[in-house]
Amino acid sequence: MSRKFILTPEQELPVSSLTIPYQEELNEAQLEVVTSGPGPLLVVAGAGTGKTRTLIYRLAYLVETGVAPEHIVLLTFTRRSANEMLNRATGLLDGRCKRVRGGTFHAFCLTLLKKHASKLGYPDNFTLLDSSDSADVIDVIRTSSSVKTGGKRFPRKGTLQSIFSAVRNRGVSIASILESGYSQFADFEADIERLFGSYARYKKHHGLMDYDDLLILTLQLFKQEPDILKQEASLCRHVLVDEYQDTNAAQALIVKALSSVHGNVMVVGDDAQSIYRFRGADFTNILEFPTQFAGASVLKLEHNYRSSQKILNLANSLLEQATRKHDKQLFTLREGGELPGLVPAPDDRFESRFVSQLILQFREQGIGLHEMAVLFRNGHNSFDLEMELNRKNIPFLKYGGLKLAEAAHIKDVVAYLKVIENPRDAVAWNRILLLLEGVGPKTAGKIIEWLDGHSDGPFEVQERPFSGAYIESLTALFAMLRSVKKGNQTPSGQLESIIAFYGPILQRVYYEDYPKREQDLEHLIGLGTSYSNRSSLLESIALDPIELTAIDTEPTESDEPPLTLSTIHSAKGLEFKVVFIIQALDGVIPSSYSVGDQESLEEERRLLYVAVTRAADYLFLSYPMLQFRRYDGQYFTMPSRFLEHLPPEILEPCSLVEQQPNALNAAEKQSLLPPSTKQ
């Protein structure tokens with residue numbers, strides 16, 4: 001008979017004996033989350049309730065009470081947020097929190113797959129496809145597949161990419177995706193199935209993975225290699241997940257896998273801020289967490305530190321109408337505040353004048369432009385306002401547009417790096433070959449086919465059947481690639497060599513605005529100094545796209561931080577003293593496309609909730625009562641259905657009155673000021 005040893009339970013240290021004064025720094029609900037015991041826990045954290053602060057203190061608490069930081073995993077949706085939390089936790093406690101394994105789902109999976117790629121039949125030096133490259137691969141396969149359409153319209157590459165991504169992230173069949181969202185392509189189900197398989201084989205043959213692969217192949221690895229799963233899960237004594245409402249089906253399965261040994265998983269999120277369904281986010285993950293994880297507890301953070309109670313009353317009223325939710329009631333200890341205002345304007349021009357005039361009045365009262373924001377459902381909703389702001393010389397920055405890594409000239413330079421890193425990357429080869437004079441799609445395809453069949457020394461030109469029409473430019477290209485490949489340059493040095501070669505091409509291809517694009521390339525070289533090797537630089541660009549800098553952004557002379565214009569999606573997580581929500585129209589928010597779909601309609605309600613809860617002190621929702629359609633002429637609008645039937649003590653009705661110049665008396669002028677500035 002073997003001997004048995006019985007371990008006594010670990011004694012929990014009293015909070016009062018720890019280094020950090022948790023009881024002083026946290027409210028009662030936050031303290032309960034931070035000091036919670038083992039097992040699965042869902043933290044429903046309302047807007048502005050200190051979610052990030054609570055996670056930071058939780059990290060510090062775990063480390064301070066004896067959990068090895070290497071055995072804590074923090075999963076987030078941006079690398080920036082992970083770094084911020086780890087840095088702040090380190091500042092609270094000591095350097096140990098720096099050793100917590102924090103990062104995005106995709107980065108975590110990438111690290112894992114780099115160690116075990118061969119188990120799945122991939123080379124260790126596989127490269128990543130961004131969404132644009134993925135679509136290009138699909139287009140190549142689609143074009144060569146000779147699908148017989150019978151005169152019907154076959155889905156384009158972007159639509160196919162969306163279908164493929166939905167299938168993999170949601171774990172459902174192509175037939176199901178076609179039925180729910182693409183019924184017009186139901187007749188092509190067999191062809192789409194075939195392309196789906198061809199796409200997977202193409203990527204594997206060329207050593208490529210897309211974003212979805214990072215998640216799906218990690219799950220495949222865990223299923224195929226249970227010892228690897230057990231090994232990785234054993235290292236994850238505590239799993240913490242931020243913004244759990246934004247996870248998709250695959251990410252939820254990864255969370256479950258990583259916590260399968262120790263069972264200690266804390267997910268933090270707000271079901272009322274689940275607004276990324278179009279990216280594959282599955283709203284049911286946070287709703288069903290208590291049933292998916294046996295014995296799970298649910299705690300709520302409802303004390304809001306951002307907004308006045310009158311703004312929170314509007315937010316709470318919006319949530320009361322929701323059909324599926326975790327019940328919560330936001331409150332604050334702040335006193336006073338002004339009622340949110342609903343402002344109908346005669347037309348778009350009046351709405352823009354109202355917003356710009358009030359912005360200037362708030363600035364006169366000491367609120368900086370950077371403390372104000374104008375939010376809208378779609379990028380084009382602000383076009384009229386942008387012209388009015390320019391007329392009034394009000395500086396602004398608009399968010400929700402192009403990323404630097406999506407700009408054509410950046411993708412060109414990155415493609416050179418990709419073929420140096422992975423000479424089998426046919427997508428990157430195609431891009432850089434098409435930049436050569438005399439090389440078109442057909443010729444590029446032939447060169448790639450030749451390279452694929454002669455993988456030894458891919459940057460050599462000797463004894464290869466290349467045409468004299470482009471042999472000189474191809475020879476120069478290969479010489480540059482060999483030089484960078486064999487050289488001992490830093491990533492920024494490699495970029496300098498590539499950009500020196502690319503300079504004449506940049507001027508030829510983008511001659512209209514190449515000076516602006518040159519600024520971006522200089523910025524890219526500067527970014528390269530932060531990386532120790534080419535592989536890490538490529539991974540960073542693929543996983544965490546860089547914000548657009550010079551392109552489409554004119555420098556301003558103003559030394560004043562500018563006003564923020566933003567889509568609601570891009571404003572999530574931000575806060576401002578003054579918020580204007582413009583074009584609050586039925587058909588805009590909610591979008592007309594969502595009206596027939598209850599799930600989409602509920603997400604539009606949550607989108608408005610997110611916009612409302614960005615405001616701290618002042619909130620105005622406005623809409624034009626009259627608009628113009630190209631074929632219908634002028635027509636009367638309706639305010640958002642989400643604002644209907646809200647009583648005036650929740651949302652104050654306002655009106656705009658056109659006054660003649662110099663006709664205002666002192667009392668009337670006073671009435672136009674923001675409420676708190678009236679004498």
Practice problem: Work out which heavy atom in H569 is nearest to a heavy atom in Y276; give both atom names and the distance. | Solution: O-OH, 3.0 Å

Exercise. Could you pull out the closest heavy-atom pair between V100 and I72, with the gap in Å?
Key: CG1-O, 3.5 Å

Practice problem: Carefully, step by step, assess Y61 and L92 under the rule side-chain contact (heavy atoms from CB on, under 4.5 Å). | Solution: CA-CA 10 Å; Y61 177 81; L92 272 179; over 6 Å; no

Quiz item: What are the two closest heavy atoms between S566 and A571, and how far apart are they?
Solution: OG-N, 3.5 Å

Quiz item: CZ of F126 to OG of S535: how many Å apart, nearest 0.5 Å?
Solution: 8.5 Å

Quiz item: Partners of F108 by ring pair (Phe, Tyr, Trp, His ring centres under 6.0 Å), sequence neighbours excluded?
Solution: none

Practice problem: Side-chain contact test, heavy atoms from C-beta onward, threshold under 4.5 Å: evaluate it for I498 versus I420 and give yes or no. | Solution: yes

Quiz item: Do side-chain atoms of S536 reach the backbone of N533 as a donor and acceptor pair under 3.5 angstrom?
Solution: yes

Quiz item: Just wondering, do K398 and F376 contact through their side chains at under 4.5 Å, heavy atoms?
Solution: yes

Quiz item: Taking all non-hydrogen atoms of both residues, which atom of I448 and which atom of A426 are closest, and how far apart?
Solution: CD1-O, 3.7 Å

Exercise. For Q245, check side-chain hydrogen bond (donor to acceptor under 3.5 Å, both in side chains) against everything at least two apart and list the hits.
Key: E243

Quiz item: Would S165 and Q161 count as having a side-chain donor-acceptor pair, cut-off 3.5 Å?
Solution: no

Self-check item: Euclidean distance, D246 CG relative to D282 CG, rounded to 0.5 Å
Solution: 11.0 Å

Quiz item: If you look at every heavy atom in V419 and W429, which pair is closest and at what distance?
Solution: CG1-N, 3.5 Å

Self-check item: Point-to-point distance, once rounded to the nearest 0.5 Å, from CZ of R306 to CZ of R614
Solution: 4.5 Å

Practice problem: Name all residues meeting the side chain to side chain contact (heavy atoms under 4.5 Å, CB included) criterion together with E70; count only those two or more places apart in sequence or in a different chain, and write none if there are none. | Solution: A68, R99

Practice problem: Go through the steps for L375 and V610 under the test side-chain contact (heavy atoms from CB on, under 4.5 Å), then give the verdict. | Solution: CA-CA 10 Å; L375 307 182; V610 167; over 6 Å; no

Exercise. Evaluate the side-chain contact (heavy atoms from CB on, under 4.5 Å) criterion for residues R431 and K418: first the C-alpha distance (whole Å), next the side-chain angles of each, then the deciding distance (0.1 Å), finally the verdict.
Key: CA-CA 11 Å; R431 188 175 191 97; K418 285 184 174 182; over 6 Å; no

Quiz item: Between D124 and A117, what is the shortest heavy-atom contact and its length?
Solution: OD1-CB, 4.1 Å

Quiz item: Stepwise, does the side-chain contact (heavy atoms from CB on, under 4.5 Å) test hold for D412 with V509?
Solution: CA-CA 11 Å; D412 292 346; V509 177; 5.6 Å; no

List, one per line, each side-chain donor-acceptor pair under 3.5 Å for residues 197-205, sequence neighbours excluded.
residue: S198; atom: OG; partner: R194; partner atom: O; Å: 3.1
residue: S198; atom: OG; partner: R201; partner atom: NH2; Å: 3.3
residue: Y199; atom: OH; partner: D210; partner atom: OD2; Å: 2.7
residue: K203; atom: NZ; partner: D210; partner atom: OD2; Å: 3.1
residue: K203; atom: NZ; partner: D213; partner atom: OD1; Å: 3.3
residue: K203; atom: NZ; partner: D213; partner atom: OD2; Å: 2.9
residue: K204; atom: NZ; partner: L120; partner atom: O; Å: 3.1
residue: H205; atom: NE2; partner: D452; partner atom: OD2; Å: 3.2

Practice problem: Check each of L41, V34, D242 against M266 using the side-chain contact (heavy atoms from CB on, under 4.5 Å) test, and report the only one that passes. | Solution: L41

Practice problem: Can you sort out the partners of K114 under side-chain hydrogen bond (donor to acceptor under 3.5 Å, both in side chains), two or more places apart, ordered by chain and number? | Solution: none

Self-check item: Gap between atom NZ of K256 and atom CG of N285 - 0.5 Å precision
Solution: 10.5 Å

Quiz item: Do I20 and L93 have side chains that get closer than 4.5 Å, going by heavy atoms?
Solution: yes

Quiz item: So, the side chain of Q251 versus the backbone of N248: is there a donor-acceptor pair under 3.5 Å, distance only?
Solution: yes

Quiz item: How about L537 and L495: do any of their side-chain heavy atoms sit closer than 4.5 Å?
Solution: yes

Quiz item: So, does S483 use its side chain to make a donor-acceptor pair with the main chain of M480 at under 3.5 Å?
Solution: no

Quiz item: Can you check whether H238 reaches R58 side chain to side chain, under 4.5 Å on heavy atoms?
Solution: yes

Practice problem: Check side-chain hydrogen bond (donor to acceptor under 3.5 Å, both in side chains) between T443 and all other residues, then give those that pass, not counting sequence neighbours. | Solution: none

Quiz item: Which of parallel (below 30°), tilted (30 to 60°) and perpendicular (above 60°) describes Y502 and Y416?
Solution: perpendicular

Quiz item: Quick one: CG on L538 to CG on L417, what's the gap to the nearest 0.5 Å?
Solution: 5.0 Å

Quiz item: Quick one: side chain to side chain contact (heavy atoms under 4.5 Å, CB included) partners of N422, sequence neighbours excluded?
Solution: N125, T127, L208, R424, D425

Quiz item: Between S274 and I286, is any pair of side-chain heavy atoms under 4.5 Å apart?
Solution: no

For a quick test of your reading: what N or O donor-acceptor pairs under 3.5 Å do the side chains of residues 217-231 make, sequence neighbours left out?
residue: T218; atom: OG1; partner: L214; partner atom: O; Å: 2.6
residue: Q224; atom: NE2; partner: K119; partner atom: O; Å: 2.8

Quiz item: Residues two or more places apart in sequence or in another chain: which of them pass side chain to side chain contact (heavy atoms under 4.5 Å, CB included) with E25?
Solution: P21, R53, Y57

Quiz item: Between CZ of F501 and CG of L477, what distance do you get to the nearest 0.5 Å?
Solution: 4.5 Å

Quiz item: Got a sec, which residues hit side-chain hydrogen bond (donor to acceptor under 3.5 Å, both in side chains) with T111, two or more places apart in sequence or on another chain?
Solution: none

Quiz prompt | Identified salt bridge (Lys or Arg N to Asp or Glu O under 4.0 Å) partner of D136 from the options K411, R142, K157 | solution = K157

Quiz prompt | Cationic N near anionic O, under 4.0 Å, E84 to R88 | solution = yes

Practice problem: With sequence neighbours excluded, tell me which residues meet side chain to side chain contact (heavy atoms under 4.5 Å, CB included) with A45. | Solution: T49, K51, V268, L301

Quiz item: Is there a side-chain contact between L55 and L59 (heavy atoms, below 4.5 Å)?
Solution: no

Quiz prompt | L451 side chain near P423 side chain, heavy-atom distance below 4.5 Å | solution = no

Quiz item: Angle class for the F164/F196 ring planes (parallel below 30°, perpendicular above 60°, tilted otherwise)?
Solution: tilted

Quiz item: Is there any side-chain hydrogen bond (donor to acceptor under 3.5 Å, both in side chains) pair reaching into residues 490-501, and which pairs are they, with sequence neighbours excluded?
Solution: Q489-S497, T490-S492, Q494-R534

